[in-house]
Chemist: 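I'd like to ask some things about the structure below.
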Amino acid sequence: EASQTLTWEEATELEPRIKNLPIEALYATHRPNDNTANCATYIREIIHECEEDLGITYMRDEGSKVADVFRLQPLDVPKFRVTRADGSFSDYDYVVLAAGIRTPLIARKLGIGASCPTYPLRGFSLTLYTDARSDEEMKTLKAQGKSTNLLNRPISIDAMYCSSVGPNMARIAGFGELVGYGDKVKDVPSVGPRVMTRYVRSLFPEA
């Protein structure tokens, strides 16, 4: 089901909490198919399935920099030779270079990849915890056919995305900022955390 842009009246009917905001939001979007998950657990499961079901080999060394773990040499057939730090090597038809924001820098250093459109962003998320609700309150909500989550539905308000992680926990995320690499990050000020905190205090005055 596609995302839906809502009027202010539709948004407040779907999620009454946003009536607490000091000003009317510029826009609100309902995303019916969105889910919230633990990112670390999700990635570990994907890695496990790729290794077990697809036979993918991961080359990693937690104690070294990526560029020190292996050398990647373009070939004709097969397409790539990966030489490890100990001198051993393997040939592959395909190699996935997954080094986060440093992927294009490493790709350029290795002389591979004509285009790698990845650039550092700084984003923020805020996780909110409330006191556990009573069993009686939870039973009442269920009996009325209402959601027992902290938010009735996932919803985007202005530049922020709000969703429930459970009955007593919610997450607010937003504010992607272009900040650059390395030490440049320290020189880029941000109002993101302050704005998010202000919204959260309005949405959840009891938290």
Chemist: For Asp135, I'd like to know if atom CG has over 12 heavy atoms of other residues, nucleotides or ligands within 6.0 Å.
Modeler: no
Chemist: Which atoms form the tightest heavy-atom contact between Gly100 and Thr118, and what is the distance?
Modeler: O-CG2, 3.9 Å
Chemist: Let's go through Leu14 and His30 carefully: what are the C-alpha distance in whole Å and the side-chain angles of both, what is the deciding distance for side-chain contact (heavy atoms from CB on, under 4.5 Å) to 0.1 Å, and is it a yes or a no?
Modeler: CA-CA 9 Å; Leu14 189 68; His30 178 217; 3.5 Å; yes
Chemist: List the atom of Thr127, the atom of Arg171, and the distance in Å for their closest heavy-atom pair.
Modeler: OG1-NE, 3.1 Å
Chemist: Which pair of heavy atoms, one from Pro120 and one from Ile101, lies closest together, and at what distance?
Modeler: CA-CG2, 3.7 Å
Chemist: Answer yes or no: does atom CD of Glu10 have more than 12 heavy-atom neighbours from other residues, nucleotides or ligands under 6.0 Å?
Modeler: yes
Chemist: Could you see if Leu105 belongs to whatever hydrophobic cluster contains Leu121? Use Ile, Leu, Val, Met, Phe, Trp, Tyr and a side-chain cutoff under 4.5 Å.
Modeler: yes
Chemist: Is the side chain of Arg81 donor-acceptor paired with the backbone N or O of Asp91 at a distance under 3.5 Å, no angle test?
Modeler: no
Chemist: Can you tell me how far the CD1 atom of Ile172 sits from the CZ atom of Phe124, to the nearest 0.5 Å?
Modeler: 15.0 Å
Chemist: For Thr140, what residues pass the side-chain hydrogen bond (donor to acceptor under 3.5 Å, both in side chains) criterion, not counting sequence neighbours?
Modeler: none
Chemist: Using the rule given for side-chain contact (heavy atoms from CB on, under 4.5 Å), can you reason through Ile47 versus Arg44, listing the C-alpha separation, both sets of side-chain angles and the distance that settles it, and then say yes or no?
Modeler: CA-CA 5 Å; Ile47 290 174; Arg44 289 191 195 103; 5.7 Å; no
Chemist: Can you give each donor-acceptor pair under 3.5 Å made by side-chain atoms of residues 192-201, sequence neighbours left out, with the distance rounded to 0.1 Å?
Modeler:
residue	atom	partner	partner atom	Å
Thr197	OG1	Pro193	O	2.8
Tyr199	OH	Asp158	OD2	2.9

Chemist: Supply the atom-to-atom distance Thr12 OG1 to Ile18 CD1, rounded to the nearest 0.5 angstrom.
Modeler: 6.0 Å
Chemist: Verify the cluster assignment for Trp8 and Leu203: are they in a single hydrophobic cluster under the rule of side-chain heavy atoms below 4.5 Å apart?
Modeler: yes
Chemist: Looking only at heavy atoms, what is the nearest atom pair of Ser202 and Pro205, with distance?
Modeler: O-CD, 3.5 Å
Chemist: Does CD in Gln144 sit with more than 12 non-hydrogen atoms of other residues, nucleotides or ligands closer than 6.0 Å?
Modeler: yes
Chemist: Rounded to the nearest 0.5 Å, what separates atom CD in Glu15 from atom CG in Leu6?
Modeler: 11.5 Å
Chemist: Would the distance check show the side chain of Asn20 and the main-chain N or O of Arg17 forming a donor-acceptor pair, the cut-off being under 3.5 Å?
Modeler: yes
